[in-house]
2 protein chains.
Amino acid sequence: MIETGAEPESRAERKLRTRRAILDATLELCADSSLTALSLRQVAKQVGIVPTAFYRHFDSIESLGLALVEESFDSLRDLFRDVRRNARADNDVVDGSIDALVDHVHRRRDHFGFIARERVAGPRSVREAIRREIELCERELATDLALMTGTDTWTAKDLHVLSSLFVTVLVATAEQIVSTARPEQEEQIVATVRTQLRMLLIGVYQWRSEA
Amino acid sequence: MIETGAEPESRAERKLRTRRAILDATLELCADSSLTALSLRQVAKQVGIVPTAFYRHFDSIESLGLALVEESFDSLRDLFRDVRRNARADNDVVDGSIDALVDHVHRRRDHFGFIARERVAGPRSVREAIRREIELCERELATDLALMTGTDTWTAKDLHVLSSLFVTVLVATAEQIVSTARPEQEEQIVATVRTQLRMLLIGVYQWRSEA
DNA sequence: GTTGTCGGTGTACAGATGTTCACTGAAAGG
DNA sequence: CCTTTCAGTGAACATCTGTACACCGACAAC
């Protein structure tokens, strides 16, 4: 069904390839709308398999969604890794982070769009999974922030509060970039978030945690 | 079909009542999931009318969605009005605004949830309508901010940048409140956003616009 | 009091949906 | 080589989908 140029494939390889095709087809099909509006048969048609073959890989659209959550957060963790690297290399943390953000969103527009949408509109279990993953990101970022200059007097709570704000802004920016096609509008978005983070950082440098 | 206690109704009144019932049924039905996953027949069943009667009021789920956008943003503008009033009455702008936010989200959880979801997952035209409305809110807030203390040296652009950040945080907070049922978790959310806004305000008070 | 307007009804249809079941054929394993 | 495993097939099902159509009956207008 799936045409390979040549080369014999093991059964496991073929299965994996079909699985990938299902994941990709799903990302493409729900690029606008949502998982909850997606039918198993649409996915099957897009992949080029018969509807029932879907069950060989996932037992529902919902569990397919959970697999996509994992995959999408791999992309997001990649982003975090890059941000961390840029934070060391670059003098200006803000610019480095935003560049990394834009770069990763461009590369995996599908993943970031998926998270943005299903985070609020997906099936309950998918929403919960995304919520959990985002909390992990916030915690991870909080420990990174603790290593930065000037936060040595901060309480753990305040660190997490700040981390959560960064993640909120990050998610909102990713959302905006995903949902715009025009490059000049994207520059606008980037310029805006850059200023916003600078305003915020001024506050951060002055902040002293209470008792 | 719709049982009224007594009192004769004019035809126009009855029609309006059915329209309301459709709007309410829709808000209830897509409370989790999304408009794009909602069928005309589900709505009709919930309202207690036959599917074809739906067309007497809207010609598609999409145009129904547009009506709900308008209605939902009436709620949001109410919130803005209250925030503005609290800003004058209260010494602390942050606490007043957050209280107003929490209050309005509680009162119209359905509207705020609707905006949060359809903003990213609704039909294209609905997403665009919401985007336009949010931009209006940002502009409105920007002119309010211009009247506040310390922003007299700010450029119009910076005012809009800040306004946009406030709206982002506001939307994210509303989203979180809508999607949590546990009151103690809500207190957590509120406490977090309060600290976040305070951190930000420190930066704002020190900010000087460039050229 | 006749007539027209118009929410709402009921039937009907072609197509899409999730899931079942028995099947095929090629790779994997003995 | 023979048997098992298993990804993918194809037909069948009951149910749900949007929409077209002719119809009804109460209110509105004259």
Side-chain angles (χ1 to χ4, degrees), chain A residues 1-26 28-30 32-67 122-126, chain B residues 1-26 28-30 32-67 122-126:
Chain A
M1 188 40 75
I2 294 146
E3 288 306 326
T4 155
E7 288 133 84
E9 280 179 308
S10 80
R11 200 133 80 161
E13 284 169 337
R14 272 196 68 93
K15 176 158 190 182
L16 215 66
R17 260 167 52 93
T18 305
R19 187 190 149 95
R20 257 263 54 86
I22 292 177
L23 293 169
D24 290 341
T26 305
E28 189 179 336
L29 283 173
C30 74
D32 41 22
S33 96
S34 152
L35 262 190
T36 53
L38 190 64
S39 76
L40 178 158
R41 286 177 113 102
Q42 287 174 53
V43 176
K45 181 179 288 181
Q46 176 82 7
V47 174
I49 56 174
V50 99
T52 46
F54 177 92
Y55 293 111
R56 301 287 179 204
H57 302 271
F58 302 98
D59 51 46
S60 65
I61 291 283
E62 196 169 316
S63 67
L64 203 193
L66 292 175
R124 176 178 300 275
S125 65
V126 171
Chain B
M1 188 38 75
I2 294 145
E3 289 304 328
T4 155
E7 288 133 84
E9 280 178 308
S10 78
R11 200 134 77 163
E13 285 170 337
R14 272 196 68 92
K15 176 159 188 182
L16 215 67
R17 262 168 50 93
T18 306
R19 187 189 149 95
R20 258 262 56 86
I22 292 177
L23 293 169
D24 291 341
T26 305
E28 188 179 336
L29 282 173
C30 73
D32 41 20
S33 96
S34 152
L35 263 190
T36 52
L38 189 64
S39 77
L40 177 158
R41 285 178 115 102
Q42 288 173 53
V43 176
K45 181 180 286 181
Q46 175 84 5
V47 174
I49 57 175
V50 99
T52 46
F54 177 91
Y55 293 110
R56 301 289 180 203
H57 302 271
F58 302 98
D59 51 46
S60 65
I61 291 282
E62 196 169 317
S63 67
L64 203 192
L66 292 175
R124 177 178 301 275
S125 65
V126 171

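Residue numbers begin at 1 in each chain, while the letters A, B, ... track the order of the sequences. The model shown is predicted, which means the values in this text are computed figures rather than measured ones.
- Considering only heavy atoms from C-beta on, B/Leu23 comes within 4.5 Å of B/Arg19 through its side chain.
- For the pair A/Asp24 and A/Val47, the minimum side-chain heavy-atom distance is 4.5 Å or more.
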- Intermediate values then yes/no, side chain to side chain contact (heavy atoms under 4.5 Å, CB included), A/Leu38 and A/Ser33: CA-CA 8 Å; A/Leu38 190 64; A/Ser33 96; 5.9 Å; no
Nucleotide N/O to protein N/O under 3.5 Å, stretch nucleotides 15-19 of chain D:
from   : atom 1 : to      : atom 2 : distance (Å)
D/dT17 : OP1    : B/Ser39 : OG     : 2.8
D/dT17 : OP1    : B/Gln42 : NE2    : 3.2
D/dG18 : OP1    : B/Leu40 : N      : 2.8
D/dG18 : OP2    : B/Leu40 : N      : 3.4
D/dG18 : OP2    : B/Arg41 : N      : 3.2
D/dG18 : N7     : B/Arg41 : NH1    : 2.2
D/dG18 : O6     : B/Arg41 : NH1    : 2.8
D/dT19 : OP2    : B/Tyr55 : OH     : 2.6
D/dT19 : O5'    : B/Tyr55 : OH     : 3.2
D/dT19 : O4     : B/Arg41 : NH1    : 3.4

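- In this structure, A/Leu40 and A/Phe58 have side chains that are not in contact, with every pair of non-hydrogen atoms separated by 4.5 Å or more.
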Nucleotide by nucleotide, nucleotides 24-30 of chain C touches protein heavy atoms under 4.0 Å in the pattern (B base, S sugar-phosphate only, - none) --BBS--
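- Considering only heavy atoms from C-beta on, B/Leu64 stays 4.5 Å or farther from B/Leu35 through its side chain.
- The list of salt bridge (Lys or Arg N to Asp or Glu O under 4.0 Å) pairs with a residue in residues 32-61 of chain A, not counting sequence neighbours, reads A/Asp32-B/Arg124.
- In this structure, B/Lys15 atom NZ and D/dA26 atom C1' are separated by 16 Å, rounded to whole Å.
- Rounded to the nearest 0.5 Å, atoms CD (B/Gln46) and CG (B/Leu29) are 4.5 Å apart.
- Separating the CD1 atom of A/Ile49 from the P atom of D/dG10 is a distance of 13 Å, rounded to the nearest angstrom.
- Here the P atom of nucleotide C/dG18 and the CZ atom of A/Phe58 are 15 Å apart, to the nearest Å.
- In this structure, A/Arg19 places its CZ atom 12 Å from P of D/dA7, rounding to the nearest Å.
- The side-chain heavy atoms of A/Val43 and A/Ile61, taken from C-beta on, include a pair separated by under 4.5 Å.
- When rounded to the nearest whole Å, the span between CZ of B/Phe54 and C1' of C/dC6 equals 18 Å.
- With hydrogens and angles ignored, a donor-acceptor pair under 3.5 angstrom links the side chain of B/Arg56 to the base of C/dG8.
- Looking at A/Ser34, its side chain never comes within 3.5 Å of a backbone N or O of A/Cys30 through a donor-acceptor pair.
- Here C/dG18 presents its C1' atom at 14 Å from CD of A/Glu62, a figure rounded to the nearest Å.
- Atom CZ in A/Arg14 sits about 6 Å away from atom P in D/dG8, given to the nearest Å.
- Between the CD atom of A/Gln46 and the P atom of C/dT17 there is a distance of 13 Å, given to the nearest Å.
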